[in-house]
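Notes follow once the structure below has been shown.
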Amino acid sequence: CGITISVKYCMEHIIRNTIGKFHIKKSAIPLLRKVISAMQGSDTFEKFLTNTHDLADKFEDFGKEIAVYIMRIHPRH
């Protein structure tokens with residue numbers, strides 16, 4: 001008797017928290033969704049690292065801080 005967790009809900013929760021904490025502009029939200037989705041969908045550690053670097057590159061001002069924040073609030077990624 002386990003608990004089923006919707007990955008979509010979990011990802012949506014992460015995205016919404018990130019938008020609020022870092023005051024992501026509305027125009028950048030689709031890009032943020034795309035990058036976090038790629039991180040969530042990584043099937044190897046190497047792909048996860050590549051996608052994390054992509055986050056840092058695409059959000060130059062605070063991409064690294066976003067990556068650290070995501071790892072802190074949801075360390076299973």
Side-chain angles (χ1 to χ4, degrees):
C1 195
I3 298 173
T4 302
I5 298 174
S6 169
V7 173
K8 174 72 173 156
Y9 174 78
C10 185
M11 189 171 74
E12 192 64 31
H13 177 78
I14 292 167
I15 290 168
R16 288 175 190 245
N17 282 348
T18 303
I19 290 168
K21 178 160 179 73
F22 292 94
H23 309 288
I24 305 295
K25 293 179 183 176
K26 192 172 185 176
S27 62
I29 291 174
L31 178 58
L32 180 70
R33 287 183 178 281
K34 180 179 178 183
V35 175
I36 290 179
S37 179
M39 290 172 70
Q40 180 92 5
S42 300
D43 59 356
T44 65
F45 185 70
E46 289 76 19
K47 287 182 185 176
F48 178 78
L49 284 178
T50 298
N51 290 324
T52 303
H53 287 288
D54 195 33
L55 173 67
D57 290 343
K58 291 190 186 315
F59 291 89
E60 294 175 356
D61 296 338
F62 44 81
K64 290 179 185 176
E65 288 85 2
I66 292 174
V68 169
Y69 174 71
I70 291 171
M71 298 293 273
R72 193 172 13 156
I73 65 169
H74 203 47
R76 292 180 63 190
H77 296 287

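Scope of the values below: all heavy atoms of this structure, side chains included, with no hydrogens, waters or symmetry mates.
Looking at residues two or more places apart in sequence or on another chain, you find a salt bridge (charged side-chain N to carboxylate O under 4.0 Å, His left out) between D54 and K58. Every residue meeting the salt bridge (charged side-chain N to carboxylate O under 4.0 Å, His left out) condition with K47, not counting sequence neighbours, appears here in chain and number order: D43.
The two atoms that bring F48 and M71 nearest to each other are CZ-SD, 3.6 Å, heavy atoms only. Shortest non-hydrogen contact noted between A67 and T52 is CB-CG2, 3.7 Å. Across every non-hydrogen atom of S42 and N51, the tightest pair is OG-ND2, 2.8 Å.
Once rounded to the nearest 0.5 Å, the distance linking CG of N17 with CD of E12 reads 10.5 Å. For the atom pair CZ of R72 and CD of E65, the computed distance is 10.5 Å after rounding to the nearest 0.5 Å.
In this model, no donor atom of one side chain and acceptor atom of the other lie less than 3.5 Å apart for H53 and D57.
In the hydrophobic clustering of ILVMFWY residues, with side-chain heavy atoms under 4.5 Å counting as a link, I66 and V68 come out apart.
Residues L55 and L32 have side chains in contact (heavy-atom distance under 4.5 Å, counting atoms from C-beta outward).
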Run the side-chain donor-acceptor check on residues 18-31: report pairs under 3.5 Å with partners two or more places apart or on a different chain.
| from | atom 1 | to | atom 2 | distance (Å) |
| --- | --- | --- | --- | --- |
| T18 | OG1 | I14 | O | 2.7 |

